[in-house]
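Here's the structure, in structure tokens; my notes come after.
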Amino acid sequence: MIITSKCEVKEIKEINETLRLITFKIDKFRKFEPGMFLQLTLDDFNFSQPWPESRAFSFASYDNGTEKILVRKHGTYTSRIFNKLKIGSDFYIKYPFGEFILSEEGKKVFIAAGAGISVFMSYFDYMKVLNTKEDVILFQSVKTKDELLENYYELPSSVKIFSFVTKDKYEGFNRRIEMDDILSNIDRKDYTFYICGGEEFIHNYSSGLKSFGFNKIRVENWNNTI
């Protein structure tokens, strides 16, 4: 069942000038699965009228009624979000949507580019709520080191993370993720791979994994022009 609800901004964390983590309270809350997304509109909404212009954002949190989204300023609508949403601001959402469900059983490898990390944050919250010690490996690729997850989110202790920074100087991996980085850190083929990023990013890693015989691959395209 899809719900339409008014929301109120409770907190805005500015990660850098183009990336913000927005925390908001949902008036009409219903449970959703980690990996699902919402449609957000800034327009005044009347329940008797058609749904207005909106944009999709993955939940960056899990299931307690006070939720988060990670917003990249990269287009007209996201610029409106940056300009309009302040603490105490109202907006409307429709939710939950999506088939990129992360709560399936089994060993997992997450591969994320930029703001694509958002969808995986919902699963890390899920792990905390359930107090699981699941075997999860995360490969995060960002352009600038201020966007590394370690700067604004605390991972569950059982998650093993490999961070890659492609533009800033960085004491860790100062380059893109290579297939050998992934292959050398997994010991079997019973992992499911979840990839979130732009089309080229998804194509590169999904085709690379398939060439090594992996077939349990799920992908979520992150729209960079919103």
Side-chain angles (χ1 to χ4, degrees), residues 31-38 56-64 67-68 70 95-142 147-150 152-166 170 172-223:
K31 287 183 174 294
F32 59 87
E33 292 292 326
M36 300 187 86
F37 69 91
L38 58 86
F57 295 94
S58 294
F59 282 101
S61 57
Y62 174 68
D63 210 21
N64 65 11
E67 308 299 343
K68 296 179 173 66
L70 196 60
Y95 79 105
F97 299 97
E99 299 180 352
F100 189 69
I101 305 303
L102 303 174
S103 52
E104 299 174 354
E105 293 184 359
K107 296 179 181 294
K108 299 175 175 66
V109 176
F110 295 158
I111 306 172
I117 193 64
S118 173
V119 68
F120 299 129
M121 292 168 66
S122 70
Y123 189 72
F124 300 141
D125 272 10
Y126 174 85
M127 291 177 67
K128 292 176 182 179
V129 170
L130 272 63
N131 194 28
T132 67
K133 302 298 181 183
E134 191 175 7
D135 182 2
V136 178
I137 302 173
L138 169 65
F139 295 88
Q140 183 187 18
S141 176
V142 295
E147 293 190 8
L148 290 172
L149 199 56
E150 65 192 41
Y152 60 92
Y153 184 84
E154 184 177 352
L155 282 168
S157 59
S158 63
V159 176
K160 187 175 184 180
I161 182 171
F162 297 90
S163 301
F164 296 76
V165 178
T166 60
Y170 177 57
F173 296 107
N174 214 175
R175 56 175 173 79
R176 298 181 184 275
I177 304 167
E178 298 175 357
M179 282 304 304
D180 187 59
D181 297 317
I182 300 170
L183 299 174
S184 62
N185 285 289
I186 58 176
D187 56 5
R188 63 192 74 185
K189 291 193 175 182
D190 59 351
Y191 283 91
T192 300
F193 294 85
Y194 299 84
I195 309 172
C196 188
E199 290 184 5
E200 183 179 359
F201 183 88
I202 288 173
H203 172 75
N204 288 344
Y205 294 104
S206 60
S207 61
L209 289 166
K210 288 175 183 177
S211 72
F212 283 95
F214 295 97
N215 53 30
K216 294 193 293 185
I217 302 169
R218 311 283 187 268
V219 302
E220 179 87 331
N221 184 40
W222 191 259
N223 190 342

Discussion item. Quick one: does any side-chain atom of Lys216 pair with a main-chain N or O of Phe214 as donor and acceptor, under 3.5 Å?
Written reply: no

| Whether Glu220 side chain and Val119 backbone form a donor-acceptor pair below 3.5 Å | no

Smallest heavy-atom separation, Glu134 atom then Gly106 atom, equals OE2-O, 2.9 Å

Sequence neighbours excluded, the answer for side-chain hydrogen bond (donor to acceptor under 3.5 Å, both in side chains) partners of Arg175 is Asp181

Margin query: Check whether Asn174 reaches the backbone of Thr166 with its side chain - one donor and one acceptor, N or O, closer than 3.5 Å.
Written below: no

Applying ring-ring contact (aromatic ring centres under 6.0 Å, His included) to Tyr194 and not counting sequence neighbours gives Phe100, Phe110

The salt bridge (charged side-chain N to carboxylate O under 4.0 Å, His left out) partners of Glu150 (sequence neighbours excluded) come to none

Practice problem: Dump the intermediate steps for side-chain contact (heavy atoms from CB on, under 4.5 Å) on Arg218 and Glu104, then the final yes or no. | Solution: CA-CA 12 Å; Arg218 311 283 187 268; Glu104 299 174 354; 4.1 Å; yes

Using side-chain heavy atoms (C-beta onward) and a distance below 4.5 Å, is Phe37 in contact with Phe59? no

| Donor-acceptor pair, Ser61 side chain versus Lys68 backbone, under 3.5 Å? | yes

Sorted by chain and number, sequence neighbours left out, side-chain hydrogen bond (donor to acceptor under 3.5 Å, both in side chains) with Asp125 holds for Tyr153

* Taking the side chain as every heavy atom from C-beta outward, state whether Met121 and Leu149 have any atom pair closer than 4.5 Å. => yes

Sorted by chain and residue number, the side-chain hydrogen bond (donor to acceptor under 3.5 Å, both in side chains) partners of Ser103 (sequence neighbours excluded) come out as Glu33

For this session: Show your working on side-chain contact (heavy atoms from CB on, under 4.5 Å) between Leu209 and Met179 and close with a plain yes or no.
Result: CA-CA 8 Å; Leu209 289 166; Met179 282 304 304; 3.7 Å; yes

message = Using modelled atom types and a 3.5 Å cut-off, is there a donor and acceptor pairing between side-chain atoms of Tyr205 and backbone atoms of Ile177?
response = yes

### Message
Measuring only between side-chain heavy atoms, which start at C-beta, is Phe164 closer than 4.5 Å to Val142?
### Response
no

pair Val136-Phe124: side-chain heavy atoms closer than 4.5 Å:
yes

Those residues at least two apart in sequence (or on a different chain) that pass salt bridge (charged side-chain N to carboxylate O under 4.0 Å, His left out) with Lys107 are Asp135

With sequence neighbours left out, the residues meeting side-chain contact (heavy atoms from CB on, under 4.5 Å) with Ala112 are Ile117, Phe120

Sorted by chain and residue number, the side-chain contact (heavy atoms from CB on, under 4.5 Å) partners of Leu130 (sequence neighbours excluded) come out as Tyr126, Thr132

| task | Could you check if a side-chain atom of Lys160 sits within less than 4.5 angstrom of a side-chain atom of Asn185, using non-hydrogen atoms only? | result | yes

Rounding to 0.5 Å, atoms CG (Leu148) and OG (Ser163) come to a distance of 5.0 Å

Residue set satisfying salt bridge (charged side-chain N to carboxylate O under 4.0 Å, His left out) with Asp63, at least two apart, ordered chain then number -> Lys31

Residue pair Val129 / Asn131, side-chain heavy-atom distance below 4.5 Å
no

Just so I know, are the side chains of Lys210 and Asn215 near enough to count as touching, which here means a heavy-atom distance under 4.5 Å? no

Please confirm whether the backbone N or O of Gly35 pairs with a side-chain atom of Ser122, one donor and one acceptor, at under 3.5 Å?
yes

By salt bridge (charged side-chain N to carboxylate O under 4.0 Å, His left out), Glu67 pairs with (sequence neighbours left out) none

Interatomic distance, CD1@Ile202 vs SG@Cys196, rounded to 0.5 Å, equals 6.5 Å

For Phe162, the ring-ring contact (aromatic ring centres under 6.0 Å, His included) test, sequence neighbours excluded, returns Phe139

Does some side-chain heavy atom of Leu183 sit less than 4.5 Å from a side-chain heavy atom of Phe212? yes

In short, Leu102 meets Tyr123 closest at the heavy-atom pair O-CE1, 3.1 Å

d(Phe97 CZ, Leu38 CG) to nearest 0.5 Å is 8.5 Å

Between Leu155 and Ile161, is a side-chain contact (heavy atoms from CB on, under 4.5 Å) present by the stated rule, with each step listed? CA-CA 9 Å; Leu155 282 168; Ile161 182 171; 3.8 Å; yes

Distance col, row Tyr62:OH vs Met36:CE, nearest 0.5 angstrom, shows 11.0 Å

Query - Residues Lys108, Ile137; criterion side-chain contact (heavy atoms from CB on, under 4.5 Å); working and verdict - result: CA-CA 6 Å; Lys108 299 175 175 66; Ile137 302 173; over 6 Å; no

Residue set satisfying ring-ring contact (aromatic ring centres under 6.0 Å, His included) with Tyr152, at least two apart, ordered chain then number -> none

Worksheet item: Ser118 side chain to Ala115 main-chain N or O, any donor-acceptor pair under 3.5 Å?
Response: no

